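Input: a single structure, listed below in structure tokens.
Every value quoted in this text rests on a predicted model; they were computed, and no experiment measured them.
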Amino acid sequence: MAKTAPRLSPEETQRVIATAWDDTPPFRKVLVQHGIGHGELVALLKRELTPAAYKLWVSRTKAAKAPPSKGTWPHGR
């Protein structure tokens with residue numbers, strides 16, 4: 001079940017969006033500064049951003065994640 005986007009004032013919404021765009025990856029910083037979790041942030045950005053801007057933000061967050069570590073023999077597979 002998707003989280004609902006929090007109802008914020010326009011000024012608070014702009015600060016959250018700016019924080020999400022500035023930080024890589026954005027989720028931890030937004031949670032600490034604004035108290036908005038991952039699902040709520042995604043719902044807020046889907047509601048507030050244009051579809052193209054949201055897709056760009058998603059691609060930035062996926063690129064910002066650390067690459068998965070591959071296990072090598074003999075330590076893992």
Side-chain angles (χ1 to χ4, degrees):
M1 182 178 229
K3 298 266 183 168
T4 58
R7 294 288 175 195
L8 304 172
S9 70
E11 296 83 22
E12 290 173 328
T13 302
Q14 292 303 317
R15 284 195 310 247
V16 170
I17 291 172
T19 304
W21 275 102
D22 289 343
D23 192 32
T24 52
F27 304 110
R28 181 171 297 149
K29 190 172 183 180
V30 170
L31 179 62
V32 169
Q33 288 185 356
H34 304 286
I36 297 174
H38 179 274
E40 294 169 328
L41 178 62
V42 169
L44 176 72
L45 292 178
K46 277 185 179 180
R47 183 182 76 203
E48 296 294 327
L49 297 178
T50 62
Y54 176 75
K55 287 179 185 178
L56 180 63
W57 178 80
V58 168
S59 67
R60 285 184 69 228
T61 58
K62 287 182 180 179
K65 290 182 182 178
S69 60
K70 292 185 176 180
T72 56
W73 187 83
H75 302 292
R77 295 186 180 173

| Donor-acceptor contact present, side-chain Glu40 to main-chain Gly37, <3.5 Å |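 Yes, the answer is positive, given that a donor and an acceptor are paired below the 3.5 Å cut-off.
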| query | Does any N or O in the side chain of Glu12 come within less than 3.5 Å of the main-chain N or O of Ser9, such that one atom is a donor and the other an acceptor? | reply |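 Confirmed, Glu12 side chain pairs with Ser9 backbone.
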| Heavy atoms, side chains only, cut-off 4.5 Å: are Ile36 and Val16 in contact? |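 Side-chain contact under 4.5 Å: yes.
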| query | If you measure from NE2 on His38 to CG on Leu31, what distance do you get to the nearest 0.5 Å? | reply |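 Nearest 0.5 Å value for the NE2-CG distance: 11.0 Å.
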| message | Using 0.5 Å steps for rounding, measure from the CD atom of Gln33 to the OG1 atom of Thr19. | response |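 So the gap between those two atoms works out to 5.0 Å.
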Would you tabulate the side-chain donor-acceptor contacts of residues 44-57 under 3.5 Å, counting partners in other chains and residues two or more places apart, or write 'none'?
residue	atom	partner	partner atom	Å
Arg47	NH2	Pro6	O	3.4
Thr50	OG1	Ala53	N	3.2
Trp57	NE1	Ala20	O	3.3

| task | Consider only side-chain heavy atoms of I, L, V, M, F, W and Y, link residues closer than 4.5 Å, and tell whether Trp21 and Val58 are in one cluster. | result |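 Yes, one cluster joins them.
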